[in-house]
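Shown next, in structure tokens, is the structure this report addresses.
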Amino acid sequence: MAGGPRRAVPRLRALFFGDILDWECHISWIQNGDISPLFDAYPGLEHFEIRGASDLRFEPLRHERLKALRIESGGLPAEVVRAVAGGELPALEHLDLWIGSDMHGGSSSPDDYAPILTGERFPSLKHLGLENGPFQDELAEALASAPVVARLESLSLAMGMLSDRGAEALLSGQPLTHLRSLDLHHAFLSEPMAERLQAALPGVELDLEDALGEASWVGQEWAFSDSYVAVAE
């Protein structure tokens with residue numbers, strides 16, 4: 001594979017692998033394999049995006065020029081997260097990982113993302129998206145004190161099962177007012193919490209689209225009858 005692609009497009013800078021729409025094939029049905037040779041074949045690659053994580057695997061990434069990495073998944077295997085978190089990507093500025101559901105191959109846990117949150121792995125990171133996950137509250141609690149946040153320009157916990165608990169952690173943790181944008185769309189927040197976020201982050205572009213589920217006041221907190229990730233099957 002390494003020889004062929006180099007001869008075909010030696011100056012390739014951006015690649016979207018698996019650009020398949022849902023009506024053509026559900027994201028959890030997209031079969032991938034070991035994509036490690038792609039990164040060896042294209043040393044000038046700056047932007048890489050892949051859709052589908054079924055059987056996806058690669059060695060911990062070592063790449064000098066990669067600036068953007070995005071993995072869209074209905075269920076992200078823990079091994080893939082660890083391969084990303086264990087990589088050496090000194091130029092990486094933009095990282096998006098769709099966590100997905102354990103019903104469709106997702107096996108990662110909040111601990112698997114801890115190396116990313118230290119801020120040591122990717123010194124150039126400006127955008128972090130840990131999206132479409134069932135444990136967004138736990139990630140929000142970790143981000144509340146994570147060193148990486150101070151250098152970010154944008155943060156996304158969108159498309160997942162973020163609740164008032166996670167939003168409270170974000171508000172109670174380190175300041176987020178330096179962010180240009182905070183994406184929490186498709187969360188499960190109460191109206192009072194949404195209002196608190198808007199009041200606390202007046203200079204931040206805050207995306208709360210579809211972030212208000214059908215909540216009811218139960219005991220001492222807002223509760224939702226159902227929550228789910230945006231993309232699974």
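When reading the values below, keep in mind they use all heavy atoms of this one structure, side chains included, and skip hydrogens, waters and symmetry mates. The first residue of the sequence shown is numbered 1, and numbering continues consecutively from there.
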Mutual orientation of the aromatic rings belonging to His127 and His94 [parallel < 30°, tilted 30-60°, perpendicular > 60°]: parallel
Show the nearest heavy-atom pair for residues Glu141 and Ala169, with the distance to one decimal. CG-CB, 3.6 Å
Could you pull out the closest heavy-atom pair between Gly100 and Pro134, with the gap in Å? O-CD, 3.2 Å
For residues Ile99 and Gly133, report the shortest heavy-atom separation together with the two atoms involved. CB-CA, 3.7 Å
Smallest separation among heavy atoms of Gly75 and Ser73, with atom names: N-OG, 2.7 Å
Is a donor from one side chain sitting under 3.5 angstrom from an acceptor on the other, for Glu131 and Ser156? yes
Tell me the closest heavy-atom pair linking Leu130 and Gln136, and the distance in Å. O-NE2, 2.9 Å
Could you list all the salt bridge (Lys or Arg N to Asp or Glu O under 4.0 Å) pairs where at least one residue sits in residues 99-118, not counting sequence neighbours? Arg82-Asp112
Proximity of Phe39 and Phe48 rings by center, below 6.0 Å: yes
What residues, two or more places apart in sequence or in another chain, satisfy salt bridge (Lys or Arg N to Asp or Glu O under 4.0 Å) together with Asp207? none
Please examine the side chains of Leu38 and Phe58, heavy atoms only from C-beta on, and report whether any two atoms are closer than 4.5 Å. no
Closest approach of Pro147 to Thr118 (non-hydrogen atoms, all atoms of both residues): CB-O, 3.2 Å
If only side-chain N and O atoms count, and only distance matters, is there a donor-acceptor pair under 3.5 Å linking Glu93 with Ser124? no
